[in-house]
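Quick note: numbers below take in every heavy atom, side chains included, and nothing from hydrogens, waters or symmetry partners. Each chain gets a letter, A, B and so on, in the order its sequence line appears, and its residues count up from 1. None of these values were measured; they are calculated from a predicted model.
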Amino acid sequence: MAHTCIHWFRKGLRLHDNPALMAALRDCKEIYPVFILDPYLHNNTCVGINRWRFLIGALKDLDCSLKKLNSRLFVLRGKPEDVFPKLFNEWKITKLTYEYDSEPYSLSRDKRVTTLAKEHDVEVIYKISHTLYDIERIIEENNGKAPLTYNRMQALLKTLGPPKRPISAPTMEHMEDVKTPYSENHEKKYGIPTLDELGQDATALGEEMFPGGEQEALRRLDEHMTRTGWICSFEKPQTSPNSLSPSTTVLSPYVTFGCLSARTFWWRLTEVYQGRKHSDPPVSLHGQLLWREFFYTASLGIPNFNKMEGNPVCTQVDWDTNPEYLAAWREARTGFPFIDAIMTQLRQEGWIHHLARHAVACFLTRGDLWINWEEGQKVFEELLLDGDWALNAGNWQWLSASTFFHQFFRVYSPVAFGKKTDKNGDYIKKYLPLLKKFPAQYIYEPWKAPPSIQQAAGCIVGKDYPRPIVEHEVISKKNIQKMKLAYAKRPKSTAESPSKKQGVKRKAPSVVDMLKKKSKVK
DNA sequence: TTTACGTTGTACTT
DNA sequence: AAGTACAACGTAAA
């Protein structure tokens with residue numbers, strides 16, 4: 001007997017490489033494509049206006065693509081646990097399909113919805129298509145633990161082989177015997193929300209740099225894939241955090257919302273690499289997708305992954321509570337132009353380069369302000385178009401040297417780091433036009449400019465632009481010592497003889513270093 | 001137990 | 001552009 005199905009879109013806002021949607025269309029007479037505005041996920045505190053705009057764009061594009069298949073998108077409002085029982089009854093549903101999502105809230109929500117579905121005699125089918133791999137399998141392969149290093153991750157993936165190939169989007173042939181019953185007043189009942197309905201002030205919006213949606217995602221993917229030389233020589237650490245236009249693909253928002261399948265991206269890259277010399281993970285574009293996989297795996301295998309407390313791999317640090325510092329960082333008024341420019345770009349455009357994220361994250365946490373990484377995590381979640389639960393938590397732990405990365409003595413300078421790729425400070429001038437008349441010599445540290453130069457620039461530090469809120473050279477050294485202390489308090493998994501051999505070990509590394517350098521000749 | 005290594009530090013020297 | 005000191009961590013493999 002043919003089914004009456006709901007396909008539930010959450011992430012995975014696309015038709016291509018959507019195995020759960022294809023499962024819905026098998027033996028199907030009626031399909032209801034559904035998206036639910038869940039007050040838990042979509043409240044105003046964790047979703048900024050740029051992310052709302054991206055989501056609305058993605059939903060519009062989805063509805064547009066579904067129309068071409070004689071179907072429509074049904075947008076509902078409310079808790080999924082409340083919405084589904086009504087839909088099951090009203091539409092006489094027999095099958096529910098969705099894409100697997102490993103976020104803790106999603107897992108608990110989907111469990112509750114599955115229970116409700118069973119009570120209504122609704123068959124539930126879910127498929128894995130948000131990540132390259134079944135990340136539970138990766139954890140199994142590592143004896144039940146998430147790998148904590150990229151190397152280990154790569155070794156595990158080697159045993160699993162390459163990711164599955166993506167599947168095509170449904171066509172009219174798949175829809176031959178399938179209908180979507182929608183009425184004249186569909187827009188009124190199930191329409192896509194406007195910014196206004198969501199309580200957002202649309203007049204506050206800037207130019208839309210990255211419009212949401214699957215069609216836009218695939219168009220951008222195609223465009224990038226034509227740049228074969230660039231793709232093959234791509235090395236993430238060599239790309240610039242402060243170029244005036246993005247030095248990377250910025251496909252991340254599309255992958256985050258599932259407008260673009262990670263597997264589609266992966267295999268398109270494989271095609272470009274084919275028969276050509278190319279860079280490799282971790283720095284290559286394949287490598288970037290594997291980093292995503294790495295953090296997804298960690299987020300599933302490590303409890304309380306988005307918190308310090310109760311997180312077994314996270315170094316417990318006595319971060320300060322300092323609302324003034326936090327507000328200065330969030331609102332781009334730290335007095336360090338490089339930091340403030342990045343935070344301005346983040347708020348305006350919803351995207352900043354990965355290394356720019358490093359600079360501001362290090363500054364907020366272990367580098368300068370000594371504020372808990374969870375505070376930064378919240379701000380990024382609100383403002384980043386590619387704000388992803390797992391990647392955001394993982395990268396904040398990385399940058400704060402809480403786990404994954406442990407060389408806490410390597411601190412980014414809020415002055416020096418940006419100069420490497422933008423000596424003139426053009427990036428700063430773009431996002432902080434107030435400072436645009438400062439000569440290059442002072443653009444990264446305007447407080448050092450003599451009064452006459454400040455006057456000539458039309459910007460007096462301490463009046464028009466803030467003085468630096470901390471003295472980086474001093475505070476970063478203090479903070480390194482505080483990190484050392486926090487590390488010393490870490491519970492040791494193996495019993496070790498502590499201080500005995502330390503005096504000897506001090507000298508040894510220099511010999512090791514010398515040997516290392518000899519072998520590093522390229 | 002020891003060793004190698006870690007996507008993306010800074011500041012100074014050669 | 002490449003090398004080196006700085007002060008020095010944990011993980012995973014050997």
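- Checking dA11(B), dT7(B), dC9(C) against every side-chain atom of Ala416(A), the shortest atom distance belongs to dA11(B).
- Two rings, from Trp230(A) and Phe234(A), have their centers less than 6.0 Å apart.
- Relative to the side chain of Phe417(A), the nucleotides dT7(B), dT11(C), dG9(B) differ in distance, and dG9(B) lies closest.
- Remark: Arg490(A) is positioned above the aromatic ring of Tyr487(A), its terminal NZ or CZ atom under 6.0 angstrom from the ring centre and at most 45 degrees off the axis.
- In this structure, Arg366(A) places its CZ atom 13 Å from C1' of dA8(C), rounding to the nearest Å.
- Aromatic ring centres of Phe336(A) and Tyr444(A) lie farther apart than the 6.0 Å criterion allows.
- In this structure, CZ of Phe405(A) is placed 13 Å from P of dG6(B), rounded to the nearest angstrom.
- If you measure from atom CG of Asn151(A) to atom P of dA12(C), you get 10 Å, rounded to the nearest angstrom.
- The residue Gln238(A) sits apart from the nucleic acid: no heavy atom pair falls under 4.0 Å.
- Judged by distance alone, the side chains of Tyr431(A) and Glu349(A) do bring a donor and an acceptor atom under 3.5 Å apart.
- Proximity of Lys420(A) to the phosphate of dT10(B): a side-chain N or O atom is located under 4.0 Å from OP1 or OP2.
- The nucleotide dA8(C) finds no pairing partner, because no Watson-Crick or G-U wobble arrangement with both distances shorter than 3.5 Å includes it.
- Residue Met153(A) contributes atom CE, which lies 16 Å from atom C1' of dA12(C) at whole-angstrom precision.
- For the pair Arg490(A) and Ile480(A), nearest-nucleotide mapping onto DNA chain C gives the more 5' position to Ile480(A).
- dA11(B) atom P lies 7 Å from atom NE2 of His472(A), rounded to whole Å.
- Note: CD (Gln481(A)) to P (dA7(C)) measures 9 Å, nearest angstrom.
- Across the strands present, dC12(B) finds its partner in dG3(C); the criterion is a Watson-Crick or G-U wobble pair with both atom distances under 3.5 angstrom.
- Among the heavy atoms of the strands lying under 4.0 Å from Val411(A) are primed sugar atoms or P, OP1, OP2 only; no base atom is included.
- When the C1' atom is used for both dA8(C) and dT4(C), the distance is 16 Å, rounded to whole Å.
- The gap from the P atom of dA13(C) to that of dT7(B) amounts to 13 Å, rounded to the nearest Å.
- Nucleotide dT7(B) is matched to nothing when pairs are restricted to Watson-Crick or G-U wobble geometry with both distances under 3.5 angstrom.
- Taking only side-chain atoms of Tyr412(A), from C-beta outward, the nucleotide of dT11(C), dT8(B), dT7(B) with the closest atom is dT8(B).
- For Phe54(A) and Phe257(A), the ring centers sit closer than 6.0 Å to each other.
- Protein atom NZ of Lys477(A) is 12 Å distant from nucleotide atom C1' of dG9(B), rounded to whole Å.
- Closest contact between the side chain of Trp398(A) and the listed nucleotides dT8(B), dT10(B), dT11(C) involves dT8(B).
- A cation-pi arrangement is present between Arg165(A) and Trp267(A), with the terminal nitrogen or guanidinium carbon under 6.0 Å from the aromatic centre and inside a 45° cone about the axis.
- Note on Leu355(A): a base of the nucleic acid sits closer than 4.0 angstrom, heavy atoms only.
- Taking the six-membered ring for Trp and the full ring otherwise, the centers of Trp291(A) and Tyr150(A) sit less than 6.0 Å from each other.
- If you measure from atom CZ of Arg357(A) to atom C1' of dG9(B), you get 20 Å, rounded to the nearest angstrom.
- Closest to the side chain of Phe408(A), out of dA12(C), dG9(B), dC9(C), is dC9(C).
- If you check dT10(B), dT7(B), dG10(C) against the side chain of Tyr150(A), the one that comes closest is dT7(B).
- Applying the 5.5 angstrom centroid cut-off and the 30 degree plane-angle cut-off, the aromatic ring of Trp291(A) is stacked upon the base of dT7(B).
- The side chain of Arg152(A) approaches dA12(C) more closely than any other nucleotide in the set dT7(B), dG6(B), dA12(C).
- Candidate nucleotides dT11(C), dT8(B), dC9(C) were compared by shortest atom distance to the side chain of Lys484(A), and dC9(C) ranks first.
- Distances were taken from every side-chain heavy atom of Lys236(A) (C-beta onward) to each of dT11(C), dT8(B), dC9(C); the shortest belongs to dT8(B).
- Across the P atoms, dT11(C) and dA7(C) are found 24 Å apart, a figure rounded to whole Å.
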